[in-house]
Amino acid sequence: MSRLKIEGPCKLEGEVQVHGAKNSTLPLLAASLLCDGECVLHNCPQLSDVEITIQILRHLGCQVKREGSTVVVDSSQIQNWDIPDQLMREMRSSIVFLGAILARMKQAKLSFPGGCELGPRPIDLHLAALKKLGVQIRENHGCLYCSAKHGLWGKSIGLSFPSVGATENIMLAAVLAKGTTIITNAACEPEICDLANFLNAAGGDVKGAGSSTIVIQGVERLHGCEHRVIPDRIAAATLLAAAAITGSNILLREIEPAHLEPILPVFEEAGCQLSIQGRELSIVSPGRLNPVKSVRTMPYPGFPTDAQAPVMAMTCMADGTSVFVENIFESRYKHVGELVRLGARIKVEGRVAVVEGVKHLSGAEVQAADLRGGAALVVAGLAAEGVTQVQNVRYIDRGYESLEHTLTSLGARITRIN
Ligand code: EPZ
């Protein structure tokens, strides 16, 4: 089991490129199943979740090759329609393949995605929507057996919650369906727009992505296309939190300013100076941060739940009390106990976490329990006095492209110990 050894406190300086968005790359790779030609995806990050997704594509019969950050997928010879249990368990978000496999093969078999570190991860919205599109679903021994013998038919679907994954699954199932599908209360995240742009580039007809009503006109076929994945807004937020807590000035290259709009006001409230030139963002930290009165996670364009943990880590040494309300997932505070081991003062009551800023954090052995919580421990470790060892780095590798190399290039003293 690998761990990251961090010697703090340290200052960061210099510039770094933000990698492509994990949460865009995964549905885009699923979407490539629908194209009857070669798809070329640029700016795909080197992440374990992306590698698992590529394994699933190969299992289904796709030819997939990676050249640096470019992934080329040829889906002309698909012969399978199941996702192996092991791969489903390793990555819960494999559920997004369901809509794509059904659209292509008219049948699918996959095991129920296990719960994950953030609590139960229900898929009721996904299944209810697919049934409306004409899918028969049988659940047996933990497996879902899905079939659409009469094909998929467009329908109006209202989501009771703007679920990102359910919105993506409906888009992937509807883009080749007969007729028109209207999704109301759709997720508005940038990754939804990225997926719509890809599908339209491949010959699809998807309108309204980025708003809460998406209209998909089914088409006969999708051809291959070339697409560049959007930058990862959560990786950007994590690097900003690292700079903020260490009193540093750094420059992020390859960001999409609009995607960071829900996040940047929190850094300004903490006292950081931010300036954006084109696709570059520089941050100057004041050293001791102001507290952040209230961070409520919400669906986009609200504050993203994925940035909650890294930003909470940043506030642990602020000059005052910050309050977080986690409205999206029911158990997304597993990093709190570990931050307390580093000397943070945090109280959790249900969905509310109250962070009373302290003057110092001190290095300790801590354990990552999920992707963003693990990143939060690294952020805090950079500012803690002494050595911090973050265990279970595999969680961090799911969503950050060699985080230790990125931080080392900015001057951090951080090494991976296998
Ligand atoms: C996506 O997960 C992201 N993952 C998550 O990022 C992100 O936190 C989440 O969206 C919210 O932005 C990927 O894109 C691969 P949801 P997803 O469906 O699609 C409930 C990370 O760290 N729900 O919008 O699973 C669900 O329980 C990951 O990069 C249902 O009740 O999120 C949760 O409380 C973590 N029934 C809420 O909705 C359903 O059928 C949000 O889930 C589906 C979801």
Side-chain angles (χ1 to χ4, degrees), residues 19-31 45 47-50 52-53 56 88 90-99 112-132 137 144 157-172 183 185-195 212 229-230 232-238 259 262-263 296-311 326-335 351 368-376 395-401 403:
H19 61 65
K22 163 179 89 81
N23 292 346
S24 202
T25 302
L26 304 186
L28 288 171
L29 287 171
L47 304 170
S48 52
D49 272 8
V50 173
I52 290 173
T53 304
I56 292 173
M88 270 309 284
E90 280 187 56
M91 191 180 73
R92 181 217 164 268
S93 39
S94 312
I95 188 71
V96 79
F97 270 98
L98 181 53
F112 247 92
C116 79
E117 316 80 28
L118 311 180
R121 297 292 289 277
I123 56 170
D124 53 310
L125 300 177
H126 297 246
L127 302 185
L130 292 171
K131 284 175 185 166
K132 281 199 170 167
I137 299 175
L144 292 168
I157 298 171
L159 289 173
S160 57
F161 179 85
S163 155
V164 173
T167 301
E168 290 163 348
N169 244 333
I170 298 166
M171 291 166 73
L172 293 171
I183 310 172
N185 197 23
C188 303
E189 272 69 4
E191 293 76 24
I192 301 292
C193 297
D194 208 25
L195 178 60
S212 55
V229 178
I230 56 173
D232 194 311
R233 56 198 171 101
I234 308 302
T238 306
H259 298 168
I263 300 169
R296 298 167 185 279
T297 66
M298 296 299 281
Y300 196 90
F303 186 88
T305 174
D306 295 347
Q308 176 253 108
V311 167
E326 175 52 60
N327 293 306
I328 305 294
F329 287 102
E330 64 183 53
S331 116
R332 198 166 199 176
Y333 284 139
K334 291 213 170 67
H335 46 284
R351 288 184 177 274
D370 61 70
L371 161 56
R372 307 301 176 183
Y395 286 114
I396 299 173
D397 292 338
R398 293 185 52 190
Y400 294 91
E401 205 171 56
L403 186 58

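The figures that follow rest on heavy atoms only: side chains count, while hydrogens, waters and symmetry mates do not. Atoms within a ligand are numbered from 1 in the order they appear, just like the ligands themselves.
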Closest contact, heavy atoms only, Val229 versus Ser24: CG1-CB, 3.9 Å
Can you name the nearest heavy-atom pair linking Gly399 to Leu47, along with the distance? C-CD2, 3.5 Å
Are Leu195 and Leu172 side-chain neighbours, meaning at least one heavy-atom pair lies under 4.5 Å? yes
Test of understanding: given a 4.0 Å heavy-atom threshold, classify the contact between Met298 and ligand 1 as side chain, backbone, both, or neither. neither
List ligand 1 atoms under 4.0 Å from Pro122, heavy atoms only on the residue side. 27 (O), 30 (C), 31 (O), 36 (N), 39 (C), 40 (O), 43 (C), 44 (C)
Out of all atoms in ligand 1, which are within 4.0 Å of some heavy atom of Lys22? Include the element for each. 21 (C), 29 (O)
Below 3.5 Å, N or O to N or O, backbone or side chain included: is there any such pair between Val164 and ligand 1? yes
With heavy atoms only and a cut-off of under 4.0 Å, state how Leu371 meets ligand 1: side chain, backbone, both or neither. side chain
Under 3.5 Å: donor-acceptor pair, side chain of Tyr400, backbone of Thr238: no
Compute the shortest N/O to N/O distance between Ala166 and ligand 1 and return yes if it is under 3.5 Å, no if not. no
Is there at least one pair of N or O atoms, one from Arg332 and one from ligand 1, spaced under 3.5 Å apart? yes
Does only the side chain of Phe161 get under 4.0 Å from ligand 1, or the backbone, or both, or neither? Count heavy atoms. side chain
Just go through Asn169, Asp306, Val96, Thr297 and tell me whose heavy atom is the nearest to atom 6 (O) of ligand 1. Asp306
Any side-chain heavy atom of Pro262 sitting closer than 4.5 Å to one from Pro304? yes
Closest candidate by heavy atom, reference atom 15 (C) of ligand 1, pool Asp232, Thr25, Asp370, Asn23: Asn23
Taking N or O atoms only and a 3.5 Å limit, does Ile328 qualify as a polar contact for ligand 1? yes
Under 4.0 Å from a heavy atom of Arg372: give me the atoms of ligand 1 that qualify, with their elements. 21 (C), 22 (O), 29 (O)
Under 4.0 Å, heavy atoms only, figure out whether ligand 1 is touched by the backbone of Thr305, its side chain, both or neither. side chain
Of all the atoms in ligand 1, which lie at a distance below 4.0 Å from a heavy atom belonging to Ile123? 39 (C), 40 (O)
Ile328 vs Phe161 side-chain heavy atoms within contact, under 4.5 Å: yes
Could you tell me which atoms of ligand 1, counted from 1 in the order shown, lie closer than 4.0 angstrom to a heavy atom of Phe329? 8 (O), 33 (C), 34 (O)
Looking at Asp370 and Lys334, does any basic side-chain N land under 4.0 Å from a carboxylate oxygen? no
Glu191 versus Glu168, closest heavy-atom pair with distance: CB-OE2, 4.2 Å
Is His126 touching ligand 1 with its side chain, its backbone, both, or neither, if touching means heavy atoms under 4.0 Å apart? both
Considering only heavy atoms of Ser93, which atoms of ligand 1 have at least one such atom less than 4.0 Å away? 15 (C)
Say whether, by atom type as modelled, one donor and one acceptor occur between the side chain of Asp232 and the main chain of His19 under 3.5 angstrom. no
Side-chain donor or acceptor of Asp306 paired with backbone N/O of Ile234 under 3.5 Å: no
Going by the 4.0 angstrom heavy-atom rule, the piece of Glu330 near ligand 1 is neither
Any side-chain heavy-atom pair of Ile192 and Met171 under 4.5 Å: yes
Show which atoms of ligand 1 fall inside a sub-4.0 Å distance from at least one heavy-atom site of Gly165. 18 (O), 19 (O)
Return yes when Gln308 approaches ligand 1 closer than 4.0 angstrom through a heavy atom, no otherwise. no
Is the side chain of Arg351 donor-acceptor paired with the backbone N or O of Phe329 at a distance under 3.5 Å, no angle test? yes
Numbered atoms and elements of ligand 1 in range of Arg92, under 4.0 angstrom, heavy atoms: 25 (O)
Does any non-hydrogen side-chain atom of Arg398 lie less than 4.5 Å from one of Met91? yes
